[in-house]
Amino acid sequence: MTNPAKRLENKVCVITGAANGIGFATAQKFSNEGALAIICDMNQEQVDAAVKKIVDAGGRAEGYVLNVTDRASIDLVVAALMARHGRIDVLINNAGITKDARLVNMTEQQFDAVVDVNLKGVFNCTQAVVPHMLKAGKGSIVSASSVVGLYGNFGQTNYAATKFGVIGMTMTWARELGPKGIRVNAVCPGFVETGILATIPEDVLKGMQERSWLRRLGQPEELANVYAFLASDESSYINGIALEASGGMSL
Ligand code: NAD
């Protein structure tokens, strides 16, 4: 029996970078909302552990090893999902990395690596999934931008370029795909307590907390709620936005 209170009942939801951090919290939230969470990440053991946690808690999840920079690996996963489930309802482009340095010190390798994952990875996954959504005449795509994609950030030339780029692609795809029934949006988290902040010194972290008017870092579950809203029909008239969830950092 379907439970009408569940916002993603029986939806097939692909989440990249879902073994950790915001992606994993999103997979947990989606399974709590009735979805089949498709956990895609780079490491088999981490993928298996994430799936097990969700299944042990009574949810539905499947895991796939996928590198968003590798179009062949994406095509394989999409083909497997279509063969098994016949559709992909939601794509969450969450995988992302940082390789920070000031402009004067940033290497070409640092720049290219971040662009490959955070920007081209979003393009790769979206381009692989969209033909199937077009056939179905519906779908929701939500991609990870950042407050850094709205305001820039010291030491993050590469990351800022990708996160501004995600918003640009989101607005473009919202125009191209909206008329075909597919909504495309982005999320701009502030600073959220995950492994991605592991290399940031304590005093800088403190500064980040101060910049939010809630005077604290965000929690992955708080971002998962935003993804659930934008993925579900609750946001059915929202298309092409970059939703900031940062405790009011810009105020
Ligand atoms: P995280 O490091 O905890 O998790 C990122 C996940 O992405 C990891 O599981 C990692 O294995 C995976 N990943 C990395 N490269 C990949 C690739 N090539 N293919 C597939 N998977 C890959 O990070 P997080 O903090 O949860 O961040 C998730 C997203 O949110 C990222 O796009 C990040 O830029 C964005 N974001 C995070 C914050 C924050 O403060 N944590 C703020 C703004 C935006």
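Bear in mind the structure is a predicted one, so any value in this text is a computation, not a measurement. Atoms within a ligand are numbered from 1 in the order they appear, just like the ligands themselves. Numbering starts at 1 and runs along the sequence shown.
- Among protein heavy atoms, atom 31 (C) of ligand 1 sits closest to Asn94 O, 3.2 Å.
- At the top of the distance list for atom 10 (C) of ligand 1, counting protein heavy atoms only, stands Asp41 OD1, 3.5 Å.
- Within the 3.5 Å criterion, the main-chain N or O of Ile238 finds a donor-acceptor partner in the side chain of Arg183.
- By the neighbour-count criterion of 12 heavy atoms within 6.0 Å, atom CD of Glu108 is sparsely surrounded, having that number or fewer from other residues, nucleotides or ligands.
- A pairwise comparison of heavy atoms in Gly152 and Phe164 identifies N-CE1, 3.8 Å as the closest pair.
- By the neighbour-count criterion of 12 heavy atoms within 6.0 Å, atom CZ of Arg71 is densely surrounded, having more than that number from other residues, nucleotides or ligands.
- If you number the atoms of ligand 1 from 1 as listed, the ones under 4.0 Å from a heavy atom of Gly195 come out as 3 (O).
- Of the heavy atoms in Ala95, both backbone and side-chain atoms come closer than 4.0 Å to ligand 1.
- In terms of protein heavy-atom proximity, atom 25 (O) of ligand 1 is closest to Thr194 OG1, 2.4 Å.
- Between Lys29 and Glu221, none of the side-chain N atoms (NZ, or NE/NH1/NH2) sits under 4.0 Å from a carboxylate O, so this pair counts as no salt bridge.
- Contact record, Lys163 with Val148: CB-C, 4.5 Å, taken as the closest heavy-atom pair.
- Checked options Asn93, Thr16, Asn118; the residue passing with Ser143 is Asn93 (criterion: side chain to side chain donor-acceptor pair (under 3.5 Å)).
- Not close to ligand 1: Gly218, with no non-hydrogen atom less than 4.0 angstrom away.
- Nearest non-hydrogen protein atom to atom 6 (C) of ligand 1 is Gly17 O, 3.5 Å.
- Remark: minimum distance from atom 14 (C) of ligand 1 to any protein heavy atom is reached at Ile97 CG2, 3.7 Å.
- Scanning the protein for heavy atoms near atom 42 (C) of ligand 1, the closest one is Gly190 O, 2.9 Å.
- A salt bridge links Lys52 with Asp56: at least one charged nitrogen is closer than 4.0 Å to a carboxylate oxygen.
- With Trp213 as the aromatic partner, Arg215 meets the cation-pi criteria of under 6.0 angstrom to the ring centre and within 45 degrees of the ring axis.
- Set against the non-hydrogen atoms of Leu66, the atoms of ligand 1 under 4.0 Å away are 19 (N), 20 (C).
- Some N or O of Val192 is nearer than 3.5 Å to an N or O of ligand 1, by distance alone.
- Nearest to atom 5 (C) of ligand 1 by heavy atom, out of Gly96, Gly23, Cys125, is Gly96.
- The shortest heavy-atom distance from Lys163 to ligand 1 is under 4.0 Å.
- By the 4.0 Å heavy-atom criterion, Ala25 is excluded from the residues contacting ligand 1.
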Apply side-chain hydrogen bond (donor to acceptor under 3.5 Å, both in side chains) to the pair Asn158 and Gln110, showing each step before the final yes or no. CA-CA 7 Å; Asn158 49 3; Gln110 284 175 311; 5.9 Å; no

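- Annotation for Ile15 and Ala37: closest pair CD1-CB, 4.5 Å, computed over non-hydrogen atoms.
- We find that Lys6 and Glu33 are not joined by a salt bridge, their nearest charged nitrogen and carboxylate oxygen being 4.0 Å or further apart.
- Considering both main-chain and side-chain atoms, Asn20 comes within under 3.5 Å of ligand 1 through a nitrogen or oxygen pair.
- Near Phe191, meaning under 4.0 Å from one of its heavy atoms, ligand 1 places the atoms 40 (O).
- At a threshold of 4.0 Å, the pair Arg216-Glu193 does not count as salt-bridged, since none of the basic side-chain nitrogens sits closer than that to a carboxylate oxygen.
- When all heavy atoms of Thr98 and Val114 are compared, the closest pair comes out as C-CG2, 4.1 Å.
- Of the protein's non-hydrogen atoms, the one nearest atom 17 (C) of ligand 1 is Met42 SD, 3.4 Å.
- Annotation for ligand 1: atoms under 4.0 Å from non-hydrogen atoms of Gly21 are 3 (O), 26 (O).
- Heavy-atom contacts of Ser145 reach the following atoms of ligand 1: 44 (C) (cutoff under 4.0 Å).
- Atom numbering of ligand 1 starts at 1 in the shown order; those under 4.0 Å from a heavy atom of Asn67 are 17 (C), 18 (N), 19 (N).
- Counting heavy atoms closer than 4.0 Å to ligand 1, residue Tyr159 contributes side-chain atoms (C-beta onward) but none from N, CA, C or O.
- Looking only at heavy atoms of the protein, atom 19 (N) of ligand 1 is closest to Val68 N, 3.0 Å.
- Remark: distances from the non-hydrogen atoms of Thr16 to ligand 1 are all 4.0 Å or more.
- Every atom of ligand 1 is numbered from 1 in the order shown, and the set under 4.0 Å from a heavy atom of Ile22 is 26 (O), 30 (O), 37 (C).
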